[in-house]
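First comes the structure, then the notes that go with it.
We name chains A, B, ... by the order of the sequence lines, and we start the count at 1 in each one. Keep in mind that this is a model prediction, so the values were computed, not measured.
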Number of protein chains: 2
Amino acid sequence: MASNLLAKNKLTILYGLCLAVLLFLLKWLELKFVIINNAYEVYMGAIAVFFTALGIWLALKLTKPKTVVIEKQVYVNNSAEFIINNIEVEKLGLSKRELEVLQLMAEGLSNQEISERLFVSLNTIKTHSAKVFEKMEVKRRTQAVEMGKRLSIIP
Amino acid sequence: MASNLLAKNKLTILYGLCLAVLLFLLKWLELKFVIINNAYEVYMGAIAVFFTALGIWLALKLTKPKTVVIEKQVYVNNSAEFIINNIEVEKLGLSKRELEVLQLMAEGLSNQEISERLFVSLNTIKTHSAKVFEKMEVKRRTQAVEMGKRLSIIP
DNA sequence: TTCAAAATCACCCGAAAGTATGAGTTCGAT
DNA sequence: ATCGAACTCATACTTTCGGGTGATTTTGAA
């Protein structure tokens with residue numbers, strides 16, 4: 001436990017020691033070189049600059065880098081976001097109603113259910129679906145749905 | 001242009017001025033209170049601590065925040081790479097053959113075509129598909145395909 | 001206004017899909 | 001060995017789908 005505390009504050013202790021050593025050094029220098037009185041300001045300035053630098057260095061060393069996290073969303077081709085391929089729709093020559101029927105077909109609805117959903121007769125839906133199959137050059141609704149999904153006509 | 005440069009280095013200039021003022025203050029203090037010689041070290045230490053603190057403060061103020069760009073990927077259900085969701089298959093209790101039939105159904109094949117593809121009779125496929133519908137709790141092949149795609153059972 | 005495309009609906013018919021039921025075979029696990 | 005699940009196939013029947021044809025109404029553009 002005690003060693004753990006010591007280890008955690010290792011850096012702080014180290015810097016404290018460094019400071020002490022430096023202060024000692026300063027005093028030693030002062031004793032060694034007799035400071036010229038009129039250069040006193042210069043001496044002080046030097047100390048100030050030195051310790052400022054030390055402080056800066058300390059701060060840079062000790063502080064965690066300030067990080068600004070920018071979350072960048074990488075390209076999402078998520079199927080939740082469906083963009084209809086109108087070019088293909090036009091290429092096939094599908095009308096609004098036909099596309100609507102195709103979409104409901106893709107949802108697994110029967111012709112009867114589609115007719116109820118769109119408030120038209122079953123026969124009308126049959127006509128529409130027949131036109132869809134003709135235009136898409138498929139034989140069955142399942143194929144139409146398959147094709148529609150591949151061409152991004154339906155989600 | 002010149003003003004721009006001035007504005008940019010405003011902080012630096014400010015800190016420089018502060019330093020100068022502080023140095024002046026120090027000298028003034030020194031003149032005012034005659035420093036006791038044997039307390040010289042204490043005085044020096046105070047200066048050291050003060051300027052270290054100044055340095056730290058300076059560093060904290062001046063350091064630019066480091067920007068870290070984290071690319072956050074959002075799940076892409078890209079159809080290019082299809083991974084079958086075996087969990088859902090097991091949950092539904094679909095057998096190998098049933099899944100096979102479902103996959104071919106999703107390709108838009110008729111029961112007849114599926115039976116030819118799998119070298120079995122049409123009736124067999126009907127039985128399989130009926131079981132698939134039962135297990136998936138749907139009424140039609142189109143719904144089964146829809147559901148299968150949503151559950152990632154089929155591509 | 002006129003004209004074409006779109007949308008609506010109807011009827012018939014055959015094909016396909018789906019339901020229900022029963023039954024034989026195969027194959028792995030107990 | 002036997003038991004069950006999976007797979008196979010069949011028959012009979014109903015519903016839905018899809019093709020073909022024709023007709024009427026609506027609508028948007030020339």
B:Ile114 and B:Val101 have their tightest heavy-atom pair at CD1-O, 4.1 Å
What nitrogen or oxygen pairs link the protein and nucleotides 4-7 of chain D at under 3.5 Å?
{"residue": "D:dC7", "atom": "OP1", "partner": "B:Arg97", "partner atom": "N", "Å": "3.1"}
{"residue": "D:dC7", "atom": "OP2", "partner": "B:Ser95", "partner atom": "OG", "Å": "2.1"}

Quick test of your reading: applying salt bridge (charged side-chain N to carboxylate O under 4.0 Å, His left out), list the pairs with at least one residue in residues 143-155 of chain A, sequence neighbours left out, ordered by first then second residue. A:Glu146-A:Arg150, A:Glu146-B:Lys149, A:Lys149-B:Glu146
Can you run down the salt bridge (charged side-chain N to carboxylate O under 4.0 Å, His left out) pairs that involve residues 96-106 of chain A, sequence neighbours left out, and say none if there aren't any? A:Arg97-A:Glu100, A:Glu98-A:Lys135
Listed partners of A:Thr127 passing side chain to side chain donor-acceptor pair (under 3.5 Å), at least two apart: none
Mind checking salt bridge (charged side-chain N to carboxylate O under 4.0 Å, His left out) for B:Lys91 and listing every partner two or more places apart, or none if nothing turns up? B:Glu88
Letter per nucleotide, 5' to 3', of nucleotides 14-30 of chain D [B base touched, S only sugar-phosphate touched, - untouched; heavy atoms, 4.0 Å]: ---BBS-----------
Five pairs per end, C1' atoms only: what is the angle between the end axes of the helix from C:dT1-D:dA30 to C:dT30-D:dA1, to 10 degrees? 50°
Partner set under side-chain contact (heavy atoms from CB on, under 4.5 Å) for B:Asn86, not counting sequence neighbours: B:Ile84
Applying side chain to side chain donor-acceptor pair (under 3.5 Å), name anything that partners B:Thr142, two or more places apart in sequence or on another chain. none
Under 4.0 Å from OP1 or OP2 of D:dC9: is there any side-chain N or O of B:Asn123 that close? no
Quick check for you: to the nearest 0.5 Å, what is the distance between A:Arg141 atom CZ and A:Leu109 atom CG? 8.5 Å
Are B:Leu122 and B:Leu102 joined in one hydrophobic group, where the rule is that I, L, V, M, F, W and Y side chains link up if heavy atoms are under 4.5 Å apart? no
Along nucleotides 24-30 of chain C, 5' to 3', which nucleotides get a B, which get an S, and which get a -, given that the test is a protein heavy-atom distance under 4.0 Å? -------
Between P of D:dT8 and CD1 of B:Ile114, the distance in whole Å: 13 Å
Closest contact, heavy atoms only, A:Met105 versus A:Phe133: CE-CE2, 3.6 Å
For A:Gln143 and A:Lys139 the tightest heavy-atom approach is OE1-N, 3.1 Å
Using the salt bridge (charged side-chain N to carboxylate O under 4.0 Å, His left out) rule, collect all pairs that involve residues 107-134 of chain B, keeping only residues at least two apart or in two chains. A:Arg140-B:Glu113
I need the minimum non-hydrogen distance between B:Val145 and B:Ala106, along with the two atoms involved. CG2-CA, 3.6 Å
